[in-house]
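Before any comments, here is the structure.
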Amino acid sequence: MVHLDTDKLPRHVAIIMDGNGRWAKARLRHRVFGHEEGANSVRDVVQCCLELGIPYLTLYAFSKENWKRPASEIRALWELLKRFIRSELPDLIAREIRIVRMGDPEGIPGDVLDELQSAIALTSQFEKLTVSLAINYGGRQEIVRAATLFAMDVQNGRIQGTDLTPDLFSRYLFTSHLPEVDLLIRTGGERRVSNFLLWQMAYTEFYFTRILWPDFRKSHFLEALRDYQQRERRFGRTGEQLRGKSKSESLLDDRPVEMTESSGITH
Ligand code: IPE
Ligand code: IPE
Ligand code: MG
């Protein structure tokens, strides 16, 4: 039984759901079978977020780079996504889950986009859990899009170019209405971000697991949360500052280190 501190849960978890193809191959099945089975893992994680009260979950479902895959796999992925949203919608509504989308709508087949749009519209009033689906998404593309939108606002005289700050820039991103990403989970054993949420991950905690996505269950999610809770998120501060040492102690700690030869510091 994994012990979790309910006061230290992440508010926003993002997942790179990787390993479907290898999962299927290991069973001598077509890669698409792995994608289909991955839907069960999505259900498990969504349910877990609801139970724990984690209010934001972002799932990487299709990257800009995934267009390089065989056309038959891409077609199957769209078909699966459409079917999944259609079949889950009544349940999403019953459980008050809001669906949002991030990524480029251009290129997504019309019927898939329609299905998504109706799920987004029919769940827009819910606040219990927001599931954000990254579809036809790329982190670099998102940043360029934000820069373009900002440039247009400058051109239209709505804003001064010199007013730009990181906070203002964030408002042009798909995630403008979402809190900071606290935890990124990547299944499937790779330790890279694959063009996911590049701007947003400045202070995200990373958790990599070799478990393939279709095998990822509630117990694995809880283990990732437990690992997250062991981390000390310093955001540039010192550990002592965070642990709230007494004022006199922290003042001592904050004295600058003298970089003289006799101080013994050689690097
Ligand atoms: C992730 O699983 C799903 C998508 C990218 C859509 P993969 O299909 O990448 O599975 P592996 O990495 O080939 O095993
Ligand atoms: C990342 O997985 C994209 C999604 C999970 C949707 P990939 O399997 O496409 O990533 P790479 O190609 O191994 O980096
Ligand atoms: Mg992969």
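Heavy atoms only: backbone and side chains are in, while hydrogens, waters and symmetry mates are out. In this text, all values refer to a predicted model and were calculated from it rather than measured experimentally. Counting starts at 1 for both ligands and their atoms, in listed order.
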At the 4.0 Å heavy-atom cut-off, does Glu190 count as touching ligand 1? no
For atom 7 (P) of ligand 1, the closest protein heavy atom turns out to be Asp18 OD1, 3.5 Å
Which of the numbered atoms in ligand 2 are below 4.0 angstrom from a heavy atom of Ile16? 1 (C), 5 (C)
Backbone, side chain, both or neither: what part of Lys68 comes under 4.0 angstrom of ligand 2, heavy atoms only? neither
Salt-bridge test for Glu190 and Arg22: reply yes if a basic N is under 4.0 Å from a carboxylate O, no otherwise. yes
For ligand 2, which is the ligand I care about here, please tell me if Arg192 has any N or O atom under 3.5 Å from one of the ligand's N or O atoms. yes
Pairs of donor and acceptor atoms involving the side chains of residues 6-16, under 3.5 Å and at least two apart or interchain, shall be tabulated with distances.
| residue | atom | partner | partner atom | Å |
| --- | --- | --- | --- | --- |
| Lys8 | NZ | Gln229 | O | 2.9 |
| His12 | ND1 | Pro179 | O | 2.9 |
| His12 | NE2 | Thr58 | OG1 | 2.7 |

Quick one: look up the protein heavy atom nearest atom 6 (C) of ligand 1 and list residue, atom name and how far away it is. Ala61 O, 3.4 Å
Evaluate Trp23 for polar contact with ligand 1, using N/O atom pairs at a separation under 3.5 Å. no
Other hydrophobic cluster members with Leu212, side-chain heavy atoms of Ile/Leu/Val/Met/Phe/Trp/Tyr under 4.5 Å, chained? Trp23, Phe33
Give the contacting part of Ala134 toward ligand 2: side chain, backbone, both or neither, where contact means a heavy-atom distance below 4.0 Å. neither
Parallel, tilted or perpendicular for Phe196 and Tyr137, by the 30°/60° rule? perpendicular
If you measure every N or O of Gly21 against every N or O of ligand 1, does any of those distances drop under 3.5 Å? yes
Return the closest protein heavy atom for atom 2 (O) of ligand 2 as residue, atom name and distance. Arg186 NH2, 3.7 Å
Just distance, no hydrogens or angles: give the donor-acceptor pairs under 3.5 Å from side chains in residues 143-154, sequence neighbours left out.
| residue | atom | partner | partner atom | Å |
| --- | --- | --- | --- | --- |
| Thr148 | OG1 | Val144 | O | 2.8 |
| Asp153 | OD1 | Arg158 | NH1 | 3.3 |
| Asp153 | OD2 | Tyr172 | OH | 2.7 |

Neighbouring protein N, O or S atoms of the Mg ion (ligand 3) [cut-off: under 2.8 Å, no waters]: Asp18 OD1
Given side chain to side chain contact (heavy atoms under 4.5 Å, CB included), test Asn40 with Arg217 step by step and report yes or no. CA-CA 9 Å; Asn40 294 324; Arg217 282 291 167 272; 3.4 Å; yes
Residue, atom name and distance, where the atom is the protein heavy atom closest to atom 14 (O) of ligand 2: Ser194 OG, 2.6 Å
Hey, what's the ring geometry for Phe216 with Trp213, parallel, tilted or perpendicular (30° and 60° as the breaks)? parallel
Is the shortest side-chain N to carboxylate O distance from Arg233 to Asp182 below 4.0 Å? yes
Is it the side chain, the backbone, both or neither of Phe196 that has a heavy atom closer than 4.0 Å to ligand 2? neither
Under 4.0 Å from a heavy atom of Phe62: give me the atoms of ligand 2 that qualify, with their elements. 6 (C)
Could you tell me whether Arg86 and Glu115 make a salt bridge, using a distance below 4.0 angstrom between a side-chain N and a carboxylate O? yes
Close approach of Gly188 to ligand 1, heavy atoms, under 4.0 angstrom: no
Top protein contact for atom 5 (C) of ligand 1, by heavy-atom distance: Arg69 NH2, 3.4 Å
Assign the ring pair Trp67 / Phe62 to parallel, tilted or perpendicular, where the plane angle (0 to 90°) is split at 30° and 60°. perpendicular
Within the structure, does Asn66 bring an N/O atom to less than 3.5 angstrom of an N/O atom in ligand 2? yes
Closest protein heavy atom to atom 1 (C) of ligand 1, given as residue, atom name and distance to 0.1 Å: Met17 O, 3.0 Å
